[in-house]
4 protein chains.
Amino acid sequence: MTERSVKNMSPRTKKQFEEIRQEKRDLILNTALEVFATHGYHGASISTIASHAGIAKGLMYSYFESKEALLKAILEKGVRDILEVFEHMVNKEITPEILRKLLQTFFVQLKENGAFWRLYFAIAMQPSVMELLENEFESLVNPYMETLKRYYRGQGSKNPEADALLAHAIIDGITLNYVMVHHNFDMNKVEQIIIERLEKPSYL
Amino acid sequence: MTERSVKNMSPRTKKQFEEIRQEKRDLILNTALEVFATHGYHGASISTIASHAGIAKGLMYSYFESKEALLKAILEKGVRDILEVFEHMVNKEITPEILRKLLQTFFVQLKENGAFWRLYFAIAMQPSVMELLENEFESLVNPYMETLKRYYRGQGSKNPEADALLAHAIIDGITLNYVMVHHNFDMNKVEQIIIERLEKPSYL
Amino acid sequence: MTERSVKNMSPRTKKQFEEIRQEKRDLILNTALEVFATHGYHGASISTIASHAGIAKGLMYSYFESKEALLKAILEKGVRDILEVFEHMVNKEITPEILRKLLQTFFVQLKENGAFWRLYFAIAMQPSVMELLENEFESLVNPYMETLKRYYRGQGSKNPEADALLAHAIIDGITLNYVMVHHNFDMNKVEQIIIERLEKPSYL
Amino acid sequence: MTERSVKNMSPRTKKQFEEIRQEKRDLILNTALEVFATHGYHGASISTIASHAGIAKGLMYSYFESKEALLKAILEKGVRDILEVFEHMVNKEITPEILRKLLQTFFVQLKENGAFWRLYFAIAMQPSVMELLENEFESLVNPYMETLKRYYRGQGSKNPEADALLAHAIIDGITLNYVMVHHNFDMNKVEQIIIERLEKPSYL
DNA sequence: GATGAATGAGCTTTCATTCAT
DNA sequence: TATGAATGAAAGCTCATTCAT
């Protein structure tokens, strides 16, 4: 033990401890997201997650109660992060410019956070895993559908619901294809096409 | 028990054995599709599949070499069934009428075979399961993209690739939403909207 | 069904049935010996044995009560065959010539029946399998040790027991080496050396 | 529980972990040797080995990758131990005294390590298990045959190869008989006879 | 007698979770 | 807080044995 480390033995402040805990928690969360997204919930093991995060298996259990709790925490965080980005856009009146912005932001999100979306879809597809989650996701989808409807109504759509539905399907479809590994289309080009397309309602 | 079956103690004929095997193989295949679609590949256990099919665990292994082989067989059959339905439509010149027909057929397929599509997407989302499959699915997606492109070119699209991409995204998105349990929108209404919409190119 | 086979429906005589049964029994016995000798008792499966013999699994159970009973039958037959060959030599007074003959006969046996000896040793080495067999083998070893002792006493050995022991060890050792797969020494040459050597007692 | 251990809640040091692992590894290795030697490779179950070692089934897999890897480790260790004992004797010029010593050492080894030799022979007898092992054993047998040949040549044998072969067969035979459970001859007496006998060449 | 589909106990192996240190 | 050895339930898979035909 060096002189220095002896000096450092002075107790860390509560705040320091909390910061360290928070950092480690985030490390685990991010690592687990990657691993879950790659192998699926059942296919990913706590061992793998721990070793990817460079910590011991046991430590994970001091941050999360169980594997299931870890999954929930990941999804909660993911949903929260996304809502944070969009919430200030969603309740305003939406202009075509704002919609463009909104979509651009979404695509940035998607590219930065592909793993989350892959996990999201994988889980959404599996009723038995979905059950663990109750309605974690309702909050994610509903307000954005409403916003789309309002937008198309504002743009003079004769069938704003159909327009919103179409837009939703298009975005889901694009997200899906981006996220599916075997499919590496040129996202930047696609973005342009989609944004242009979604601006105008179909039902005029 | 009939008179005949009491007297007839001779062994089953080859044909009888083959029938039994074919029927049971199909039973296992169908049951396993349901269970995989519900719990995912790793989340579904052979035990569960067997008990759903009303057979003993061991019997599955007399029909399929392994859990992985079972998955592959399910997907092969699924892909084959779908290709069969579409192959006579795909290489013709496509008129709007034929496209309508094609989409209607697809939606019928989808409604009859939701479990397959759920499994398809769930697997496509998980690189580590996907690897087991090599490119089982390439054959499913490629020809149908080409057909779409040809159609929109024929309809005077200035950007047939973009139109095909949009159409693909829309269909994927709809399929996805239909297949995700928590979302039970009125498919019949959606179908009408989609079919109308996809008939005309966006880029004129 | 052909004319001919209809005519042949006349019941077979009891004797014919028994002959067929005996032949099939021997077929199973010989096949099982090979398979047991290659894979060991636990490593050999009834399926493998049946398919090597070209019969259905179930049929084996109409000839032998169980896998264990099959093993016992193999060993009983093997021991019986060997005793048959030697019994007329064993209780006579043994001359050097007869000993030579006896050893030659043994080596012929060994070469014709390597699988039996491999199985014999493999089983003798495993207390837990050996237990199934009670003292099937005592009868095989004892009389031949006595014969050796008598022989060396007759040849003027000062320690006939030691001489018999040596001879026994040498024969076991040779048999063992012949039977172990990875060791393919020139048996014909070895035979000569051994026979010469065993003729004379060591303790004079 | 000591004062110290109550207070000391710091994690085990690397060295402590290594010690635990080494000890447990040896425990598993030794226990498994006994169990394999008793029941054979296929007849011994991991469950049985674990319960004999007083550990949970799963723990074995934290020390060895598989049942097969466990077997290999046992044999590697056994071969290494034996080679260690003999290597300093094997490459010297061998006098009768050294041969006596060598044989005595071998018999001590044999008595201490009967289980290893039983396993060795049982495995050598089963081609299908032997295949797992590649030529683990070549290194064990070859140098010792060469040493024997050199010895008998030095002692004036006219046929040192035949003498070595005989010696080898005798030793194998004795080992075999010692190791076979149902045969409990007086090893000490046998040793004396063998050692005396092997000292002099047969071919003078 | 002959077949092979079917069973289920038991095997090898994995992994979420616990716990002494 | 942090470690990783340890557990045991449950997974995938095998195989001796049974039985309807």
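Values below: every heavy atom of this structure, side chains too, minus hydrogens, waters and symmetry copies. Model, not experiment: these values are computed from the prediction. Residue numbers begin at 1 in each chain, while the letters A, B, ... track the order of the sequences.
Because its NZ or CZ atom is both nearer than 6.0 Å to the ring centre of B:Tyr41 and within 45° of the ring axis, B:Lys67 counts as a cation-pi partner of that residue.
Around atom CD of D:Glu76, more than 12 heavy atoms belonging to other residues, nucleotides or ligands sit under 6.0 Å away. By the 6.0 Å contact criterion, CD on B:Glu65 is open, its count of non-hydrogen atoms from other residues, nucleotides or ligands being 12 or less.
A straight line from CE of B:Met60 to C1' of E:dG8 spans 16 Å, rounded to a whole angstrom. What separates CD1 of A:Ile55 from P of F:dT3 is a distance of 8 Å, to the nearest Å. Rounding to whole angstrom units, NE2 of residue B:His39 and P of F:dA11 are separated by 11 Å. Remark: P of E:dT7 and CD1 of B:Ile20 are 12 Å apart, rounded to the nearest angstrom. Taking atom CD of residue B:Gln16 and atom P of nucleotide F:dC19, one finds them 20 Å apart after rounding to whole Å. The interatomic distance linking B:Lys14 (NZ) with E:dA5 (P) rounds to 12 Å, in whole Å. Across the protein-nucleic acid pair, A:Phe36 atom CZ and E:dA16 atom C1' stand 11 Å apart, rounded to whole Å. Put simply, CG on D:Leu27 is 14 Å from C1' on F:dA5, counting in whole angstrom units.
Remark: the backbone N or O of B:Thr13 is paired with a side-chain donor or acceptor of B:Gln16 at under 3.5 angstrom. Judged by distance alone, with hydrogens and angles left aside, the side-chain atoms of D:Thr48 form no donor-acceptor pair with the main-chain N or O of D:Ala44 at under 3.5 Å.
When the nucleotides F:dT17, F:dA6, E:dA2 are ranked by their closest atom to the side chain of C:Lys57, F:dT17 comes out on top.
Nearest heavy-atom pair, B:Met130 versus B:Ala124, reported as atom, atom and distance to 0.1 Å: SD-CA, 3.7 Å. Contact record, D:Phe64 with D:Arg25: CE2-NH1, 3.3 Å, taken as the closest heavy-atom pair.
Residues of residues 40-49 of chain C that place a heavy atom closer than 4.0 Å to DNA chain E do not occur. Of all the residues in residues 61-69 of chain B, B:Tyr61, B:Ser66, B:Lys67 reach under 4.0 Å from DNA chain F with at least one non-hydrogen atom.
In this structure, B:Leu59 and A:Lys24 both approach DNA chain F, and ranking their closest nucleotides by distance from the 5' end singles out A:Lys24.
Listed by first residue number, the stems of DNA chain F with at least three Watson-Crick or G-U pairs below 3.5 Å are E:2-21 with F:2-21.
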